[in-house]
Structures are given as C-alpha cells and as structure tokens.
Amino acid sequence: MERVKLTLPLDRAAVAGLRAGDLVLLSGPVFTARDAAHKRMVEALDRGEELPFPLDGQTIYYVGPCPAPPGRPVGSAGPTTSGRMDRYAPKLLRLGLLGMIGKGKRTEEVRQAIVDAGAVYFGATGGAGALIATCVESAEVVAYEDLGTEAVRRMVVKDLPAVVLIDPTGADLYRIGRERWRIPG
Amino acid sequence: MKEIDVSVVRKTVARLCIEANTLLPQDLRKALGDAAAAEPSPYGRALLEELVENADLARRTGLSICQDTGMAVVFLTVGQDVRFTGGSLEEAVDAGVADGYREGRLRASVVSDPLLRKNTGDNTPAVVHARIVPGDAVEIEVAPKGFGSENMSALRMLSPSDGVDGVKRFVLETVEAAGPNPCPPVVIGIGLGGTMEKAALLAKRALLRPVGSRSPLPHIATLEQELLDAVNRSGIGPGGLGGRTTALSLQIETYPTHIAGLPVALNMSCHATRHARAVL
C-alpha cells in the first residue's frame with residue numbers, strides 16, 4: 001500500500017486534501033502531550049496564560065516515551081489511547097491545533113471539532129513502540145519536566161508511519177473499517 | 001525447610017521485568033505471524049506485519065516492545081516448605097521492579113495515589129498475587145500490564161438465569177465497546193465464577209495461559225472457541241482498522257460459585273500480552 005510523505009508543521013491546504021484511510025509518512029516536529037500535560041495546558045488557558053509552545057498549525061503526538069537508551073533520543077514511543085484527551089482536544093483545536101497523532105476512538109464532539117477546524121486525526125500503530133522509536137531523530141523537553149514521561153517534548157520525527165483516522169470532512173476510518181469487515185449475525 | 005534469601009527474589013524480579021518487556025513470548029509472536037498470513041484486510045495485514053517487525057526489533061535491540069511497559073503484576077507461587085530470609089518479601093519484589101525498570105530503561109507509569117496522581121518514578125509498587133502451595137519451590141511470574149487494554153476490562157455480576165447466553169452477551173458487548181482502544185488483535189482473559197474479586201483474578205490468570213490453549217473442561221473449551229469466533233466476526237480487526245483478526249486468543253478460567261451468582265470478569269489484553277517466569 002502506497003504512503004504519501006507529509007511535512008510537519010502541516011500545511012492547511014494539504015490537510016484539506018487528506019481522506020480517512022490515507023497512509024502517510026510524517027516528517028518534522030511534533031509536540032508530545034498526554035493526560036497530565038493536557039490537564040495543565042487547559043488549566044493554564046483557563047487562567048488566561050500562554051501555552052508553553054505555539055499551538056497554531058502544530059501537531060500533538062499523544063505519547064509518553066520510555067527513557068532514552070544510550071545513543072538514542074528516546075526509548076519506545078508508540079501512541080497512547082487518544083480518547084482520554086477528548087475532554088481537552090476541542091479547546092486546543094479551536095486555538096489552531098491542526099494535527100493529532102494517537103490511537104483509538106474519539107467522541108462525536110471531537111470529530112465535529114476536527115471538521116470545524118479543518119484538522120486531522122492520525123493513527124500510529126498502537127504497540128509498535130520500538131519501531132516508532134527508530135523514526136525519532138531528536139527529543140527535548142519544553143515544558144512540565146516534573147511530569148517525567150508525561151512532560152511536553154518537541155520531538156522531530158522522520159517518516160513516521162501513520163494512517164488518517166478522521167479526516168477534515170469527518171469521515172472515520174474505524175467506522176468504515178468495522179462496517180466493511182463485520183460478519184452479521 | 002528450604003531457605004531463600006529475598007535478595008534472590010529481588011534479582012529475579014528485576015531480570016523478569018526486563019525480559020517480559022523486551023522479549024515477546026514465542027507463542028504470541030507465532031500467533032501474530034499466522035494472523036498476518038491469514039488476514040484478508042489489506043490494512044489489517046499491513047498492521048500485523050508491522051507488529052511482527054516491532055517484536056523482532058525489540059528482541060534485537062533491547063527496546064521495549066511497547067512504551068507502555070505496564071504496571072508490574074507479579075504472581076508468586078510459594079511452596080509452604082520455604083522460609084524467606086534477609087528481609088520482607090514484598091519489599092524485595094518492589095525493589096526488583098525498581099531495579100528492572102531502571103536498568104531496562106522501562107517507563108515509570110505508576111502514580112502514588114489514584115486521585116493526587118504523582119509519579120512514583122520507579123514504577124513501584126507492584127501488584128502482587130501470592131498463592132501458597134505444597135512443596136519447596138518458588139515460582140515468580142512477572143506480567144507487565146499496559147492500561148490501554150486494562151481500561152477496556154469489565155466485570156459483571158450476572159444472575160444464574162442469565163446462563164451461558166448472558167456470558168456471551170457480556171463478552172461481546174465489552175469487546176464492541178472497546179473497539180480499537182485496547183490495541184487489537186487482543187488476548188482476552190475471562191474469569192467465570194467465584195466471588196467478585198475471584199472472577200477478576202481468574203481473568204488475569206487466564207492471560208498467563210499459552211495463546212490458543214483450550215480449557216480441559218469440554219463445555220468451557222467449546223465456549224472459548226465460540227466466543228473467539230464471535231469476537232472475530234465483529235469486524236474491528238487489527239488496530240481497529242477493520243478485519244477478521246480482532247482477538248488472537250480467548251481463555252476462560254472457572255471456579256465454583258454461590259447458588260445466587262454468576263460473576264463474570266473480562267480482562268482485556270493487547271497483542272503484547274507479556275509475561276516471563278522463573279522458578280527458584
């Protein structure tokens with residue numbers, strides 16, 4: 001199956017052309033954030049403070065990597081379940097977040113927020129943490145260092161394999177895939 | 001009476017934490033390969049091939065199979081003729097977990113309080129399940145459990161009149177609700193009977209059985225196969241992208257129960273259902 005190369009930060013016009021099921025290779029910077037970092041970011045926004053990194057046009061990767069072994073920027077670094085960030089995602093999408101990388105289903109509210117923002121939700125392969133680690137070129141903590149694995153990192157990836165799970169029209173690959181392969185009865 | 005210094009327990013637990021997180025059990029590795037060959041969905045097949053490649057890369061490089069190196073669940077089967085010396089057994093297990101996660105550069109994923117949520121920094125404490133048996137051997141099995149799948153587990157106190165159909169409905173509802181979240185293809189452990197906590201522990205222990213193994217009880221073996229087939233008709237498929245391999249294996253453990261009850265617990269586990277064992 002053919003994969004399309006995409007450069008990060010994403011180009012809005014390129015995102016508009018993506019469709020659920022497209023296979024891509026992502027290269028460039030992403031910001032890592034999962035449960036605890038999302039909670040802090042949204043609390044900061046609620047207090048009227050700035051986020052620790054510029055959100056507009058950026059991509060967040062839901063990941064908490066393993067500690068780096070010698071000679072590597074990170075250890076295993078596969079996606080975590082995105083649904084736990086659903087409470088926070090619409091707010092970040094309204095502020096310009098353009099891409100999310102994770103795994104697992106999203107709420108209807110997030111799906112609608114993706115459509116409204118012209119954004120995209122990519123899936124990386126859950127449980128392929130070692131393989132994904134080999135796509136990471138560098139990683140530096142940019143905020144919330146005390147959170148350990150949950151700190152926000154600027155991570156530069158090269159040819160990270162992903163699939164479009166929810167596209168800017170709102171089509172959802174999980175729904176399409178399950179209906180295609182379900183055996184009724 | 002055989003004496004075992006708890007420092008031996010500590011070293012063994014540390015080694016098993018690293019082994020379990022980097023070396024996918026061969027039965028599971030084979031099941032993934034077989035599924036890749038049989039999966040008709042192109043997305044599903046590609047994903048299964050990726051998982052095989054990932055497991056082989058982890059084995060070769062020492063990177064952990066998954067970044068969620070889990071909460072360390074430690075099963076101790078202790079012969080009653082053994083006496084532990086040199087300190088506390090539970091402390092030795094936790095020290096072994098801390099050593100193993102540090103040396104293996106495995107992720108610290110445990111918070112000290114479920115509501116206050118401060119990371120303990122060394123993946124302790126472990127969850128320890130001990131059983132006392134005749135003899136003088138000590139078996140230690142470390143099963144790191146990731147929470148993408150753990151979160152999709154469920155327990156229900158069914159009524160005896162719900163019977164086998166009620167059990168089937170519960171299992172399929174739980175799998176359907178989980179969808180892509182637990183990193184399918186999953187391994188499903190089911191506990192049937194006992195009390196509430198016994199059913200949950202049976203489900204967890206069922207995950208330790210070899211992939212594809214069948215219960216020695218004929219009616220349970222039949223139920224295992226029927227449920228596995230039904231789960232694989234769901235269409236969820238590898239990674240939830242659609243396909244015929246939603247579960248690699250489904251194992252049921254049973255225990256006598258009360259005249260008024262039919263407890264059933266489902267412990268969901270991912271394609272990296274990891275465990276490593278040693279006997280002292």
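First the proteins, then the strands, lettered A, B, ... as listed; each starts at 1.
With a threshold of 4.5 angstrom between heavy atoms, Pro238(B) does not approach chain A through any atom at all. Heavy atoms closer than 4.5 Å to chain A are found in the backbone of Leu106(B), but not in its side chain. Residue contact with chain A, scored on non-hydrogen atoms closer than 4.5 Å, involves the backbone of Ala108(B) exclusively. Only the side chain of Arg72(A) has a heavy atom closer than 4.5 Å to any heavy atom of chain B. Heavy atoms closer than 4.5 Å to chain B are found nowhere in Arg106(A), neither backbone nor side chain. Only the side chain of Thr61(B) comes within less than 4.5 Å of a heavy atom in chain A; its backbone stays farther off. Residue contact with chain A, scored on non-hydrogen atoms closer than 4.5 Å, involves the backbone of Ala178(B) exclusively. Neither the backbone nor the side chain of Tyr101(B) comes within less than 4.5 Å of any heavy atom in chain A. For Thr69(B), the part lying under 4.5 angstrom from a heavy atom of chain A is the side chain only. With a threshold of 4.5 angstrom between heavy atoms, Pro69(A) approaches chain B through its backbone and through its side chain.
Taking 4.5 Å as the heavy-atom cut-off, the residues of residues 129-138 of chain A that approach chain B are Gly129(A), Ala130(A), Leu131(A), Ala133(A), Thr134(A), ordered by number. Scanning residues 152-169 of chain A against chain B with a 4.5 Å heavy-atom cutoff picks out Val163(A), Leu165(A), ordered by number.
With chain A as partner, the option from Asn54(B), Ile65(B), Asn232(B) having the largest number of non-hydrogen pairs under 4.5 angstrom is Asn54(B). Of the residues considered (Pro67(A), Gly104(A), Gly126(A)), Pro67(A) shows the highest number of contacts with chain B, using heavy-atom pairs under 4.5 Å. Counting heavy-atom pairs closer than 4.5 Å to chain A, the top-ranked of the candidates Ala230(B), Gly44(B), Pro40(B) is Pro40(B). Contacts with chain B were tallied for Arg84(A), Lys103(A), Glu179(A); Lys103(A) has the most, counting heavy-atom pairs under 4.5 Å. The choice from Gly123(A), Cys66(A), Ala68(A) that makes the most heavy-atom pairs within less than 4.5 Å of chain B is Cys66(A). The greatest number of non-hydrogen atom pairs below 4.5 Å with chain B, out of Gly148(A), Pro184(A), Ala77(A), Gly75(A), is found for Ala77(A). Chosen from Gly64(A), Gly83(A), Pro65(A), the residue pairing most often with chain B at heavy-atom distances under 4.5 Å is Gly64(A). With chain B as the partner, the residue from Pro79(A), Gly102(A), Ala36(A) showing the most heavy-atom pairs under 4.5 Å is Pro79(A). In terms of heavy-atom pairs under 4.5 angstrom with chain A, the leader among Gly243(B), Gly239(B), Ala46(B) is Gly243(B).
For the pair Thr149(A) and Ser109(B), the minimum side-chain heavy-atom distance is 4.5 Å or more. The shortest distance between side-chain heavy atoms of Leu173(A) and Leu241(B) falls below 4.5 Å. Within the 4.5 Å cutoff, no side-chain heavy atoms of Thr80(A) are placed close to those of Phe147(B). The shortest distance between side-chain heavy atoms of Thr125(A) and Leu51(B) falls below 4.5 Å. Residues Lys105(A) and Pro180(B) are in side-chain contact: their nearest non-hydrogen atoms beyond the backbone lie under 4.5 Å apart.
Ser64(B) places no side-chain N or O within 3.5 Å of a backbone atom of Ser76(A) that could act as its donor or acceptor partner. Checked by atom type and distance alone, the side chain of Arg178(A) never pairs as donor or acceptor with a backbone atom of Ser234(B) at under 3.5 Å.
Residues passing the salt bridge (Lys or Arg N to Asp or Glu O under 4.0 Å) test with Glu2(A), sequence neighbours excluded: none.
For the ring pair (Phe, Tyr, Trp, His ring centres under 6.0 Å) condition, the pairs that include at least one residue of residues 42-75 of chain A, sequence neighbours left out, are Phe31(A)-Phe53(A), His38(A)-Tyr62(A).
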